[in-house]
2 protein chains.
Amino acid sequence: MATIYEVSRLAGVSLATVSRVINNTAPVREATRVKVEAAMNELGYRPNSVAQSLASNRSNSIGILVSELSGPFYGELLSRIEAEFRAVGKHVIIAAGHSDAEMERESIEFLRSRNCDALILHVESVSDNYLRGLADGGCAFVLINRYVRAIAERCITLDNRHGGYLATRHMLQLGHREIAYVSGPMWKNDAKERYAGHLEALAEFGVSENKALFFEGDFQETGGVRALQHFLAADASFSALVCANDEMASGAITAAHDIPLELPDQLSVIGFDNVNFSHYTYPKLTTIDYPIAEIGQMAARWVLKNVYSQTTTELKAIFEPRVIERDSTQKI
Amino acid sequence: MATIYEVSRLAGVSLATVSRVINNTAPVREATRVKVEAAMNELGYRPNSVAQSLASNRSNSIGILVSELSGPFYGELLSRIEAEFRAVGKHVIIAAGHSDAEMERESIEFLRSRNCDALILHVESVSDNYLRGLADGGCAFVLINRYVRAIAERCITLDNRHGGYLATRHMLQLGHREIAYVSGPMWKNDAKERYAGHLEALAEFGVSENKALFFEGDFQETGGVRALQHFLAADASFSALVCANDEMASGAITAAHDIPLELPDQLSVIGFDNVNFSHYTYPKLTTIDYPIAEIGQMAARWVLKNVYSQTTTELKAIFEPRVIERDSTQKI
DNA sequence: GCCTATGATGAAAGCGCTTTCATTTATAGC
DNA sequence: GCTATAAATGAAAGCGCTTTCATCATAGGC
């Protein structure tokens, strides 16, 4: 691989000048630029990005930490973030935190040791305090899907509470009054918020909460299966099932088929997230849209603006969910 | 951030010695090692990976190019590859090629310009010739899910033909004789191979091919929908539907529900890939397992062995598919 | 034509590490 | 105790770039 030195020799100019034409960082006479470009072409020169990083103290790499690389949710996120950075010649290093505090911390350290210019973090288990400390320590990062007051300006979130509210309100507006709720793990913030929204909608319609119609699942498909079995075994009476995510909704639908229960005639089901398999269920799942790609895009733009000082469109910190009505819900 | 120089000063040794304890690259007296480690701890020293890369000509980064970052298929692949490299302190840079020759080429160049030590490529559009040239050019890469004879030692593939064979044989063994086939785009190699396997199974059972029962789809859900509509509109007679991937199978199932057609009573459907949503369909999809995670793992090990000279378990180049029987197929 | 302001360019000093080679120190053999 | 050998360490030269600072060329103002 040719180096900048060889290019400078061939073009008959100094290293500095070649660097200038590469980075367009200072005016260069047209004739000189042409000479340099010709030399670069002749040698098939490509700058060594590692050397550039060392000298400029910029790696042009952004670390992304998500809980899982697989699963329908994060793929879209990564996809959008990658596209956004790729367009400006920066690259993305990925790591998985697996919803475990220790692994999340270790992953963050790993990414930092890689000299990332910035991090985009989707962490669930690490403490608010840790994140605050990270920010104080001068680490450039933006937080996705989590709100930490002390570093509010770095948080990009979905209004989960409103989403929970919309889901249950949708059922209420269809006339349902006996509404079972399958929550995610209550230690997870989004699970708590969605549930709070659920209660809010119930209250608004004057429906009192029935503890027998609450089940804490695990955000996995099996959680939905167990939830439905639990409600049925307890002989609970309900015409609608609100699930805190699509995986559990899908599990519940599967379990319902096995009973069998006619959907949506005997039971209306709504999910949350609008992951891309949600229309593969039968009946197609009504759900709450989680604009994860947009959120990823916004996170990327946050980095572009705050770390790379690029002017960009207005940043948006809170995204609004909305109901996607398909076939799994119905008037009672 | 502390530098190696400060550590050496504090420990009262030379740069070289500190480097030796960091990399464990030459024997260091125990007492010295302890001093150095104490100094590193005191300063909270972490080596600058960019400087390491520049000096050692090793970036410890591996570029991964897949068609899409989203979608059920690639997530698992990335997940496994990341885990494998992470365990040995290396990181993964990702890029998407979007099944477009130009973008694939550009992505490869992008990754190379990032000084990746090796590339793991899942490319569909770029030519065999280009790949051969890449190999000749000294680029270290391994190819996933594609076989190019000239660089066979770099290819890790699934036996797609055998998979296609298994899918159709499964139907034949259930007693089906009128079997419709929904192919992927025939310019894609795996689509061609799977179809070849289909024909092989038909031949083995003495069933002659019926052109009216072939449809070329796009590997997308809509392709499956259109396929079923096409066959029905043509008034074709068939009791089984073999789809070249799960997306199309899912589309076909959706379309069948709309007719409505009782599944699997009136029609047996089989997919291919065993992506993670395939059991969300109703009835749960019988399919051919594509061990994508294992393939990813093998690709990572190929790199570990051939690029980083690590001793590792035996490498395997061809993986075998197998039938995953669920509820969408049934004896006739 | 001379002076100044400005635009172009080059020399050279890093960036933080690895690695070679020479030197020093410890170990063993007698 | 002395030499031959091995083990441990240090000095210094890069790795390929960016960036500061000084210098040189050019053009306009009078």
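Chain A is the first sequence line, chain B the second, and so forth, proteins listed ahead of strands; every chain is numbered from 1.
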Just list the side-chain donor-acceptor pairs under 3.5 Å for residues 24-33 of chain A, sequence neighbours left out, or say none.
none

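Judged purely by distance below 3.5 Å, without hydrogens or angles, the side chains of Ser125(A) and Asp100(A) never pair a donor atom with an acceptor atom. Residues Asp117(B) and Ser59(B) bring a donor and an acceptor atom of their side chains to less than 3.5 Å of each other. A donor-acceptor contact closer than 3.5 angstrom is absent between the side chains of Glu68(B) and Ser79(A).
With contacts defined as side-chain heavy-atom distances shorter than 4.5 Å, the pair Leu121(B)/Leu134(B) qualifies.
For the contact set between residues 27-40 of chain B and DNA chain D, defined by any heavy atom under 4.0 Å, the members are Pro27(B), Val28(B), Arg29(B), Thr32(B).
The cationic group of Lys316(A) lies under 6.0 Å from the six-membered ring centre of Phe319(A) and within 45° of the ring axis, placing it in a cation-pi geometry.
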Quiz item: Base, backbone or nothing for each nucleotide of nucleotides 14-21 of chain C, written B, S, -, heavy atoms under 4.0 angstrom, 5' to 3'?
Solution: BBBBSBB-

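The distance from the CZ atom of Arg112(A) to the SG atom of Cys116(A) is 10.5 Å, given to the nearest 0.5 Å.
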